Amino acid sequence: MTSRTYAIADLHGRYDLLERALWSIKAHAKGVKHKIITLGDYIDRGPQSKGIIETLMEAQARGLPFICLKGNHEDMMVQTLRKPLDHNWWIANGGGTTLMSYGHVRYGDYDPTVVPEAHIDWMDQLPLYHVDAHRVFVHAYVKQGVPLEQQGTELLLWSRYPVGAEDGYRDLHVVHGHDWFEDGPKIFKGRTNLDTRAYHTGRLVVGVFDDDQPGGPIGAIEIKGDPR
C-alpha cells in the first residue's frame, strides 16, 4: 500500500468528534502517506461550528493534506449571508447554533457580521467534488450519465440516492454523506455513505480507503462521543 485516504462526513458542529478523529487518523496511518477528505456539512445543529471551520482552514493554510468539500449547509450559509436571502431558511435548518458558536447569546438572533469574512470566503470557494484514480468524493450525490463538471449544487449537494441504490459513477466508487443512517455507514457495490448522524448520536465513522485499490473502504475508524 502506497497511500491511504481517510474520509469524514457530516460533522455538523461536533468539533469534539473532529478532534478525536484527527488524533485517531494520525495513529492509524502510522507514517503511511495519506490525505484526509472532509465531505461537507461542517456547520449547523451541533455547538461548535466555528471551531471546525477554524481547524480546517488552519490545516489547509499549513499545507497539510486536507481536501475539504462543500456541503449543502455551507451552501445555505453562504447564500444567506451573501445574497442575502430570508435568513429563517438557514436558521430553521440549524443555522442558529452556528451563529451562537460565533458569539450570539441567544438562538435565533441574527447578526451576520459576527461571522468573519474570511470564513465566508473559504466556505464559498470550497470544491463540490474530488476525483482520484478509483473514487469520486462528494457531499451528497452524483448523477450517472452527466459529466461531473456539468452537475451543479442541486445534484451534488442536495440530492439523495434511492434507498439501497447501488450506483457508482462510471467505473468510480462514490463516497458521500448527507443522508444519515444511525447504523451506518452503508456500503454498496458502487458507493459508500458515511453519514451516521454524528451530531446527534455522538458516533462518527471515518472511512479508510486504499488509494491503489478500487471500490469501497478497506476499513473504518469509529469515533464515539456523547450523544445529544
Side-chain angles (χ1 to χ4, degrees), residues 3-12 14 18 21 25 34-45 52-53 56 59-60 65-79 93-94 122-181 184-199 204-211 213-218 220-221:
S3 63
R4 294 183 190 136
T5 295
Y6 295 87
I8 303 172
D10 297 76
L11 289 158
H12 281 301
R14 290 297 299 264
L18 173 62
I25 289 169
H34 66 280
K35 63 181 179 293
I36 297 171
I37 300 182
T38 54
L39 303 177
D41 279 12
Y42 314 117
I43 60 168
D44 299 345
R45 297 179 176 154
I52 292 176
I53 298 301
L56 297 179
Q60 290 191 325
F66 278 68
I67 297 170
C68 302
L69 304 181
K70 184 183 287 187
N72 64 303
H73 280 258
E74 288 77 49
D75 188 42
M76 269 195 293
M77 182 174 176
V78 170
Q79 286 193 60
N93 281 283
W122 183 81
M123 284 184 275
D124 192 20
Q125 294 167 18
L126 291 172
L128 302 183
Y129 58 85
H130 174 77
V131 181
D132 65 18
H134 299 296
R135 283 168 278 272
V136 180
F137 297 85
V138 68
H139 177 62
Y141 178 86
V142 181
K143 185 176 179 64
Q144 284 281 23
V146 179
L148 281 171
E149 63 274 12
Q150 294 179 20
Q151 300 193 34
T153 57
E154 189 64 32
L155 286 175
L156 299 171
L157 304 188
W158 291 89
S159 296
R160 298 179 190 272
Y161 286 93
V163 175
E166 297 280 345
D167 306 40
Y169 179 72
R170 299 175 178 169
D171 61 345
L172 300 173
H173 192 86
V174 176
V175 183
H176 68 94
H178 181 62
D179 190 11
W180 59 261
F181 292 87
K186 299 295 184 179
I187 303 172
F188 303 97
K189 180 179 179 181
R191 66 182 178 94
T192 296
N193 178 2
L194 292 172
D195 186 357
T196 56
R197 203 187 184 196
Y199 78 91
L204 179 73
V205 178
V206 179
V208 184
F209 299 87
D210 183 336
D211 292 343
Q213 178 178 309
I218 60 168
I221 304 170

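Numbers here are sequence positions counted from 1. Just so you know, these numbers come straight off a predicted model, no measurement behind them.
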Begin from the C-alpha positions of Asn193 and Trp180 and carry the test side chain to side chain donor-acceptor pair (under 3.5 Å) through to its verdict.
CA-CA 8 Å; Asn193 178 2; Trp180 59 261; over 6 Å; no
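- Across all their heavy atoms, Ala7 and Val175 have their closest contact at CB-CG1, 4.2 Å.
- Proximity of Lys70 to Met123: side-chain heavy atoms (C-beta onward) are nowhere separated by under 4.5 Å.
- Here the side chain of Arg14 pairs a donor or acceptor atom with the backbone of Tyr199 at under 3.5 angstrom.
- Using a cutoff of 4.0 Å between basic side-chain nitrogens and carboxylate oxygens, Asp179 and Lys186 are not scored as salt-bridged.
- Side-chain N or O atoms of Glu166 include none that pairs as donor or acceptor with a backbone N or O of Phe188 at under 3.5 Å.
- Classified by interplanar angle (parallel below 30°, tilted 30° to 60°, perpendicular above 60°), the ring pair His173/Phe209 is tilted.
- Formation of a donor-acceptor pair under 3.5 Å by the Gln151 side chain with backbone atoms of Val142 is not found in this model.
- Residue Gln144 holds its CD atom at 7.5 Å from OH of Tyr169, rounded to the nearest 0.5 Å.
- Between the side chain of Gln213 and the main chain of Asp210, no donor-acceptor pair closer than 3.5 Å is present.
- Between atom OH of residue Tyr6 and atom CD1 of residue Ile25 there is a gap of 7.0 Å, rounded to the nearest 0.5 Å.
- Residues Pro217 and Thr192 have side chains in contact (heavy-atom distance under 4.5 Å, counting atoms from C-beta outward).
- Interatomic distance, NZ of Lys189 versus CG of Asp167, reported as 11.0 Å (0.5 Å rounding).
- Aromatic ring pairs are classed by plane angle as parallel below 30°, tilted from 30° to 60° and perpendicular above 60°; the pair His130 and Phe137 is tilted.
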Requested in this report: Show the numbers, then the answer: is there a side chain to side chain contact (heavy atoms under 4.5 Å, CB included) between Arg135 and Val174?
Outcome: CA-CA 6 Å; Arg135 283 168 278 272; Val174 176; over 6 Å; no
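- Atom CD1 of Ile53 is separated from atom OH of Tyr42 by 7.5 Å, given to the nearest 0.5 angstrom.
- Across every non-hydrogen atom of Asp195 and Ala9, the tightest pair is N-CB, 4.2 Å.
- Side-chain contact between Ile67 and Thr38 is absent, with no heavy-atom pair separated by less than 4.5 Å.
- In plain terms, the two heavy atoms of Ser3 and Asp211 that are nearest each other are OG-OD2, 2.6 Å.
- Asp41 and His12 form a side-chain donor-acceptor contact under 3.5 Å, judged by distance and modelled atom types alone.
- To the nearest 0.5 angstrom, Leu156 atom CG is 5.5 Å from Leu128 atom CG.
- The nearest pair of heavy atoms linking Leu157 to His178 is O-CE1, 3.6 Å.
- In this structure, the side chain of Gln60 engages the main chain of Phe66 through a donor-acceptor pair within 3.5 Å.
- Judged purely by atom type and a 3.5 angstrom limit, His139 uses its side chain to pair as donor or acceptor with the backbone of Leu39.
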Side chain to side chain contact (heavy atoms under 4.5 Å, CB included) between Ile8 and Leu194, intermediate numbers included:
CA-CA 7 Å; Ile8 303 172; Leu194 292 172; over 6 Å; no
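- Among all heavy-atom pairs drawn from Asp44 and His73, the shortest one is OD2-ND1, 2.7 Å.
- Once rounded to the nearest 0.5 Å, the distance linking NE2 of His34 with CZ of Arg4 reads 9.0 Å.
- For the pair Arg160 and Tyr141, the NZ or CZ position fails the cation-pi test of under 6.0 Å to the six-membered ring centre and within 45 degrees of the ring normal.
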In sequence, state the C-alpha distance, the side-chain angles, and the governing distance for Tyr129 and His176, and then conclude on side chain to side chain contact (heavy atoms under 4.5 Å, CB included).
-> CA-CA 10 Å; Tyr129 58 85; His176 68 94; over 6 Å; no
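- When every heavy atom of Leu126 is checked against every heavy atom of Cys68, the shortest pair comes out as CD2-O, 3.4 Å.
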